[in-house]
Novice: 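So that we are looking at the same thing, I have put the structure below in structure tokens.
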Amino acid sequence: MRTKYSILLFLFLLSALPFAGASGQQAGDKNGRTAAVTPRLEELHAKGSEALFNLDYDGARQKFKEISRLYPDDPTGPQMLATTLWLETLNQARRLQAALYSTQSFYAGTEDKPGAGPVGGVRHLTAQATSLERPRLQRRPRDPQTL
């Protein structure tokens, strides 16, 4: 059980990386203007990430959908929705156990694969986030939040 929470903590920290230095950073909108990362965006991201860490996938999804609604030009919402779907799928398939990856049977390829629904959902959301990130990177190639 402890290992499961260690993996979740690692994945949570990994998903929070885009916001590690975002406070006070500038992000461009679709018109090329820059606007500070808002406290509301940071609050929603933090609450959604906390819900995700606590395996409250519906709560996390609600916060990340709110980000997408309030900030339609920001890739954070779709990317975090993809992360939520990915982690929920791994958890349902019992793939968040670190010991699973240390056995040779895991690498034999005999394990079941995720369904087309979750895979397609993650791909769609990731593509949506990427389409929002590309114009930002063209305007500001070193923008830490977008990177």
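Throughout, residue positions are numbered sequentially from 1 according to the sequence presented. In this text, all values refer to a predicted model and were calculated from it rather than measured experimentally. No hydrogens, no waters, no symmetry mates; every other heavy atom, side chains included, goes into these values.
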Novice: Distance check, rounded to the nearest 0.5 Å: Asp56 atom CG versus Lys47 atom NZ?
Specialist: 13.0 Å

Novice: Under the salt bridge (Lys or Arg N to Asp or Glu O under 4.0 Å) rule, collect the residues that match up with Arg40, sequence neighbours excluded.
Specialist: Glu43

Novice: Begin with the C-alpha distance, continue with both residues' side-chain angles, and end with the deciding distance and a verdict on side chain to side chain contact (heavy atoms under 4.5 Å, CB included) for Met80 and Ser49.
Specialist: CA-CA 8 Å; Met80 292 307 297; Ser49 296; 4.0 Å; yes

Novice: Among residues at least two apart in sequence or on other chains, which ones pass side-chain contact (heavy atoms from CB on, under 4.5 Å) with Thr130?
Specialist: Thr126, Glu133, Arg134

Novice: Between Gly59 and Ala51, which heavy-atom pair has the shortest distance, and what is it?
Specialist: C-CB, 4.0 Å

Novice: For Asn54, what residues pass the side-chain contact (heavy atoms from CB on, under 4.5 Å) criterion, not counting sequence neighbours?
Specialist: Glu50

Novice: Can you see which heavy atom on Ala129 is nearest to which on Pro75, and at what distance?
Specialist: O-CB, 3.5 Å

Novice: Looking at residues at least two apart in the chain, or sitting in another chain, which of them share a salt bridge (Lys or Arg N to Asp or Glu O under 4.0 Å) with Arg69?
Specialist: Glu66

Novice: Test side chain to side chain contact (heavy atoms under 4.5 Å, CB included) on Tyr71 and Thr76 and set out the steps.
Specialist: CA-CA 9 Å; Tyr71 307 96; Thr76 304; over 6 Å; no

Novice: Listing request: all salt bridge (charged side-chain N to carboxylate O under 4.0 Å, His left out) pairs with a residue in residues 80-93, at least two apart in sequence or in separate chains.
Specialist: Arg61-Glu88

Novice: Should Leu132 and Leu125 be counted in the same cluster of Ile, Leu, Val, Met, Phe, Trp and Tyr side chains packed under 4.5 Å apart?
Specialist: no

Novice: Does a salt bridge link Asp74 with Arg136, judged by any charged N lying under 4.0 Å from a carboxylate O?
Specialist: yes

Novice: Measure across Leu44 and Lys63 and return the closest heavy-atom pair with its distance rounded to 0.1 Å.
Specialist: O-CB, 3.7 Å

Novice: Could you please spell out the steps behind the side chain to side chain contact (heavy atoms under 4.5 Å, CB included) verdict for Leu41 and Ile67?
Specialist: CA-CA 6 Å; Leu41 176 62; Ile67 289 174; 3.4 Å; yes

Novice: Closest heavy-atom contact between Ala82 and Val122?
Specialist: O-CG2, 3.9 Å

Novice: I want to check something: taking the side chain as every heavy atom from C-beta on, are Leu85 and Tyr57 in contact at a cut-off of under 4.5 Å?
Specialist: no

Novice: Begin from the C-alpha positions of Phe64 and Thr83 and carry the test side chain to side chain contact (heavy atoms under 4.5 Å, CB included) through to its verdict.
Specialist: CA-CA 10 Å; Phe64 300 140; Thr83 300; over 6 Å; no

Novice: Are Leu70 and Leu81 in one and the same hydrophobic cluster, where Ile, Leu, Val, Met, Phe, Trp and Tyr link if side-chain heavy atoms are under 4.5 Å apart?
Specialist: yes

